[in-house]
K.L.:
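I have a structure I would like to understand better, so I am pasting it below and will then ask my questions one at a time.
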Amino acid sequence: MFNRSDYVSDKEWSRFLEFSKDLETPNIVVNVDKIKANFIKLRDSFPYARIFYAMKANPGEPVLKMLAENGSNFDIASRYELDQILKFDVSPDRLSYGNTIKKAKDIKYFYDKGVRMFATDSKDDLKAIAENAPGSRIYVRILVENSVTADWPLSRKFGCHPDMAYDLLVLARELGLSPYGISFHVGSQQRDIGQWNDAIAKAKYLFTSLEEEEGIRLTMINMGGGFPASYIDPTNDLSVYAAEITRYLRDDFGDDIPEIILEPGRSLVGDSGILTSEVILTSRKNNTALARWVYVDAGKFNGLIETLDESIKYPVVTTKDAAGEKEGEVIIAGPTCDSMDIMYENAKYKLPISLKAGDRLYWLSAGAYTSTYASVGFNGFPPIKTYFMGGEF
């Protein structure tokens, strides 16, 4: 169904097969060298921006070590991620507490560790920052509607209306904090580049109105993530995203572009990972059923949660793929005793008719949000293991 070479080169595939041949399934193999190449490409595409890697996408220590050594900054969502990145001697000025939902004691923990940049989107959170991280720089996240064109939308739960963002930045100054900027996220795996245009325009409105009406001069826009990995649905190349987003910034800000922060996750690590699962069983629900069920040893609770609502559609190849091999429609499901543990039913995946127990399914572009989303032991199954190939760790 999928041409593997469109996603992984022959050389990389041979290297992966040799590395993983004796590993127990299910597992994830992450190519750290691929992440480094993606980081360099993103950095070169946006030379005016600072990159804050979203650790939640893949917090593997070889990944963090490589990115730290190559000058990346880091977007942190919890005190546990903070402790993890500080092991690599990353200075606090390279860190941002980007989670808008946080305990007061965690704000103090970050402040005591030297972090001085905090995201917010509510009055009570802002007051907690003022009390526990006095004098810190504040950026306010605004709402962006992206439910149609992003494969994994991030609207509603995070951010506030621009009018509230205005009020929060005024309040931040009153509370002794430093109003720093505006942030937004157009949705993960965002295929509509125009979403950045709308969000930047809202940021420009806030920059102008706050300076003219309140004397508050913001200096930073955090544009979040949203750049794509290589799944089934086609996307533009990163170079197209960079050219268009740069044009949007210049249209609104001219030559006076503010400091720009990017928070990539999926676009850096997604293409680096291959999840290997083994077929447990194939079956049909009745004698005339057109679609076979293919049950594998990885599922929604063990690495593939982003198949929820079939949002992320991974390219899947098998050990039986060959020219001329007959294929048939399948429903792909996981191993647990939960009826929602079905990855693809409506997407109409097709796999070789000859597929049987013991064969392997390889889920490509599985380097982001796989192992970290996995359960700790549902039905007693252990968390999926991740192995790192390449890099120096």
Side-chain angles (χ1 to χ4, degrees), residues 42 45-46 48-54 57 73 75 77 96 98-101 117-122 137-169 172 179-212 216-229 235-236 238-268:
L42 182 65
S45 299
F46 292 90
Y48 51 83
R50 287 202 297 158
I51 297 173
F52 280 70
Y53 171 60
N73 306 285
D75 170 54
S96 168
N99 194 346
T100 60
I101 305 164
M117 184 160 60
F118 294 82
T120 192
D121 63 4
S122 65
R137 291 182 296 175
I138 295 298
Y139 60 97
V140 177
R141 181 166 175 171
I142 58 174
L143 283 167
V144 177
E145 294 301 324
N146 53 59
S147 58
V148 176
T149 54
D151 289 351
W152 196 265
L154 295 170
S155 56
R156 296 182 58 219
K157 181 178 180 180
F158 306 103
C160 61
H161 189 278
D163 288 348
M164 177 173 282
Y166 181 105
D167 293 339
L168 290 173
L169 287 159
Y180 181 35
I182 299 296
S183 76
F184 58 80
H185 199 302
V186 298
S188 192
Q189 196 70 8
Q190 177 59 260
R191 287 171 280 115
D192 178 11
I193 306 177
Q195 291 290 331
W196 275 272
N197 192 24
D198 295 341
I200 290 168
K202 290 179 180 178
K204 172 61 175 176
Y205 156 77
L206 286 166
F207 269 60
T208 300
S209 58
L210 280 163
E211 184 166 16
E212 291 179 350
I216 294 175
R217 188 172 189 277
L218 302 178
T219 59
M220 184 275 287
I221 298 178
N222 181 332
M223 297 198 299
F227 306 121
T235 64
N236 284 298
L238 179 64
S239 62
V240 180
Y241 281 78
E244 289 299 290
I245 291 169
T246 300
R247 180 170 65 84
Y248 301 150
L249 286 167
R250 295 204 180 280
D251 285 348
D252 281 319
F253 290 94
D255 293 331
D256 191 24
I257 294 177
E259 177 188 350
I260 299 298
I261 285 176
L262 304 177
E263 290 179 350
R266 189 184 305 279
S267 63
L268 289 189

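Heads up: numbering here begins at 1 and tracks the sequence.
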K.L.:
If you round to the nearest 0.5 Å, how far is CD1 of Ile101 from CG of Asp121?
P.N.:
7.0 Å
K.L.:
If you compare all heavy atoms of Ile142 against all heavy atoms of Ala165, which two are closest, and at what distance to 0.1 Å?
P.N.:
CG2-CB, 3.7 Å
K.L.:
Check whether any side-chain heavy atom of Tyr139 sits under 4.5 Å from a side-chain heavy atom of Leu218, and report yes or no.
P.N.:
no
K.L.:
I'd like to check Phe158 versus His185 (side-chain heavy atoms, cut-off strictly below 4.5 Å). Are they in contact?
P.N.:
no
K.L.:
Provide the closest heavy-atom pair for Gly224 versus Asn222 in the form atom of the first, atom of the second, distance.
P.N.:
N-OD1, 2.9 Å
K.L.:
Atom CD in Glu263, atom CE in Met223: separation rounded to 0.5 Å?
P.N.:
11.0 Å
K.L.:
Should the pair Arg217-Asp256 be classified as a salt bridge under the 4.0 Å nitrogen-to-oxygen rule?
P.N.:
yes
K.L.:
So which atom in Met117 and which in Ser96 form the shortest heavy-atom distance, rounded to 0.1 Å?
P.N.:
CE-CB, 3.5 Å
K.L.:
Mind checking whether Phe46 and Ile245 have side chains closer than 4.5 Å, heavy atoms only?
P.N.:
yes
K.L.:
Is there a side-chain contact between Leu168 and Cys160, using heavy atoms and a 4.5 Å cut-off?
P.N.:
yes
K.L.:
Check whether Glu244 reaches the backbone of Gly194 with its side chain - one donor and one acceptor, N or O, closer than 3.5 Å.
P.N.:
no
K.L.:
Please determine if Asp198 and Lys202 form a salt bridge, counting it only when a charged side-chain N lies under 4.0 Å from a carboxylate O.
P.N.:
no
K.L.:
Any heavy-atom pair between the side chains of Met220 and Pro258 that's under 4.5 Å?
P.N.:
no
K.L.:
Atom OG1 in Thr219, atom CZ in Phe207: separation rounded to 0.5 Å?
P.N.:
6.5 Å
K.L.:
Taking side chain as C-beta onward, heavy atoms only, is Pro228 less than 4.5 Å from Tyr241?
P.N.:
yes
K.L.:
Is there a side-chain contact between Trp196 and Phe184, using heavy atoms and a 4.5 Å cut-off?
P.N.:
yes
K.L.:
Please round to the nearest 0.5 Å and tell me the distance separating atom CG of Asp75 and atom CD1 of Ile51.
P.N.:
13.0 Å
K.L.:
Among Leu262, Ile193, Leu268, which residue satisfies the side chain to side chain contact (heavy atoms under 4.5 Å, CB included) criterion with Phe227?
P.N.:
Leu262
K.L.:
Looking at every non-hydrogen atom in both residues, tell me the closest pair between Ala119 and Gly98 and how far apart they are.
P.N.:
CB-O, 3.7 Å
K.L.:
Taking C-beta and beyond as the side chain, do Ile261 and Asn73 meet within less than 4.5 Å on heavy atoms?
P.N.:
no
K.L.:
When rounded to the nearest 0.5 angstrom, what is the spacing between CD1 in Ile216 and OH in Tyr166?
P.N.:
7.5 Å
K.L.:
Could you measure the distance from the CD1 atom of Ile182 to the CD1 atom of Ile200? Nearest 0.5 Å is fine.
P.N.:
13.0 Å
